[in-house]
Amino acid sequence: MSFRGTKFNQIPTANAGGFNTPKKFEEFSKKVEDLLDHPMVSKLKPYIPQIGRFLIVATFYEDSLRIISQWSDQVYYLWNYRHIPYFLVLILLFFVVVTMLGASTMIVLRKHALYASAALISVIVVQGFMYGLFVGSNFILRNFSLIGGLLIAFSDTLVQQKTRFAGLPEISSNNDFKNYVLLAGRILLVLLFFTFILTKSWLTTIVVLIGVSAIAFGYKTRFASAALITILTFYNFSSNAYWFNTSEAQRDYLKYEFFQTLSIIGGLLLVVNTGAGELSLDEKKKIY
């Protein structure tokens, strides 16, 4: 994304106590998962994929509009400080803005999701070189996590296509491809949380590590995703409330943080909706 820097200062601490045995944890997680299947919640399910996909690309919409509104500043920085030729700067910025707006809209509408996801991933790479952001660990982790969200959005499209043509024989290679994409998306998505735990309390570190490990391995995936959505949402609206900040520079920075975190929440929403896929411990438990 266009340069503004990354920094996470706070994350709410969760209470990890109260589970004395694995059986109690199983019972509690089952209650949460049953709550996700409650009739009232089920009424929202048709809208969850659309909301999730929109949240995933929200940061691209915000970044493209920001580049347009600060066009002269972006050009000046890339030309004078990054020493990119002026004409090339104009071409790159135009490419980035048009690609982010067009491909994000295609993701939301579930049109040509593979090409749209690849286009947005290419934008992440191009901007990393443009603004010299690959030297920062936060940029790498945050944007790999964002790529994970895009992969999950793409796999969600494959799931919807499978459902739409449920009466037709399923092509196993396409199903295997979907499962590998979903696995890669889950693993990349949780990388964001490693930027959180570096400066947090040991209790927060333990809770977050358990949650991200569960998602990566596909164990109690819906429960873990719901828990991390709760943590991220609370954190985002309490720590990244840019609309309350009077400093333009700080407000711009917090806005970046807010929309990037929304994208990760969107990816987790799709995980709650689609599940972990066949390459997961949840599916292995069903077999054995």
Under the side chain to side chain contact (heavy atoms under 4.5 Å, CB included) criterion, do Ile215 and Leu268 qualify, and how do the steps go? CA-CA 9 Å; Ile215 292 176; Leu268 291 171; 3.7 Å; yes

Heavy-atom pair with the smallest gap, counting every atom of Met106 and Ala116: CB-CB, 3.8 Å

Cluster check Val98, Phe129: I/L/V/M/F/W/Y, side chain < 4.5 angstrom: no

When you measure from the side chain of Arg53 to the backbone of Arg110, do you find a donor-acceptor pair of N or O atoms at a distance under 3.5 Å? no

Short question: side chain of Thr99, backbone of Val96 - any donor-acceptor pair under 3.5 Å? no

Nearest 0.5 Å, what's the OH-CD1 distance between Tyr115 and Ile107? 13.5 Å

Heavy-atom side-chain contact between Tyr76 and Tyr81 under 4.5 Å: yes

Heavy-atom pair of closest approach, residues Asn245 and Ser247: OD1-N, 3.0 Å

Hey, could you give me the CD1/CG distance between Ile229 and Asn236, rounded to the nearest 0.5 Å? 12.5 Å

In Å and rounded to the nearest 0.5 Å, what is the CG to CG distance from Leu93 to Leu88? 9.5 Å

Is any side-chain heavy atom of Leu78 less than 4.5 Å from a side-chain heavy atom of Leu92? no

Are any side-chain N or O atoms of Ser69 and backbone N or O atoms of Arg66, one a donor and one an acceptor, separated by less than 3.5 Å? yes

Indicate yes or no for a side-chain donor-acceptor contact from Ser263 to the backbone of Leu55 under 3.5 Å, with no hydrogens or angles considered. yes

May I ask you to test the Gln127-Val123 pair for a side-chain heavy-atom distance under 4.5 Å? yes

Would Tyr242 and Tyr253 count as a ring-ring contact (aromatic ring centres under 6.0 Å, His included) if you check the C-alpha gap in whole Å, the side-chain angles of each, and the deciding distance to 0.1 Å? CA-CA 8 Å; Tyr242 64 89; Tyr253 159 73; over 10 Å; no

Shortest non-hydrogen contact from Ala224 to Gly211? CB-O, 3.7 Å

Applied to residues 86-107, the ring pair (Phe, Tyr, Trp, His ring centres under 6.0 Å) test, sequence neighbours excluded, yields Trp79-Tyr86

Kindly work out whether a path of hydrophobic side-chain contacts (I/L/V/M/F/W/Y, heavy atoms less than 4.5 Å apart) joins Ile84 to Ile91. no

Leu114 and Met100: same hydrophobic cluster, using ILVMFWY side-chain contacts below 4.5 Å? yes

Does the side chain of Trp71 come within less than 4.5 Å of Leu90's, by heavy atoms? yes

Do the side-chain N and O atoms of Gln74 and Tyr131 include a donor-acceptor pair separated by under 3.5 angstrom? yes

Can you check whether Phe259 reaches Phe60 side chain to side chain, under 4.5 Å on heavy atoms? no

Looking only at atom types and distance, does a side-chain atom of Asn240 sit under 3.5 Å from a main-chain N or O of Leu254, one as donor and one as acceptor? no

Gap separating the OG atom of Ser104 from the CG atom of Leu120, nearest 0.5 angstrom: 4.5 Å

Minimum heavy-atom separation for Ala214 and Thr221, please, with both atom names. O-OG1, 4.4 Å

Please report the interatomic distance CD(Glu62) to CG(Leu262), rounded to the nearest 0.5 Å. 10.0 Å

Distance in Å, Tyr235 OH paired with Ile265 CD1, rounded so as to fall on 0.5 Å steps: 10.5 Å

Can you name the residues that form a ring pair (Phe, Tyr, Trp, His ring centres under 6.0 Å) with Tyr61, not counting sequence neighbours? none

Hey, are the side chains of Leu150 and Ile56 touching, using non-hydrogen atoms and a 4.5 Å cut-off? yes

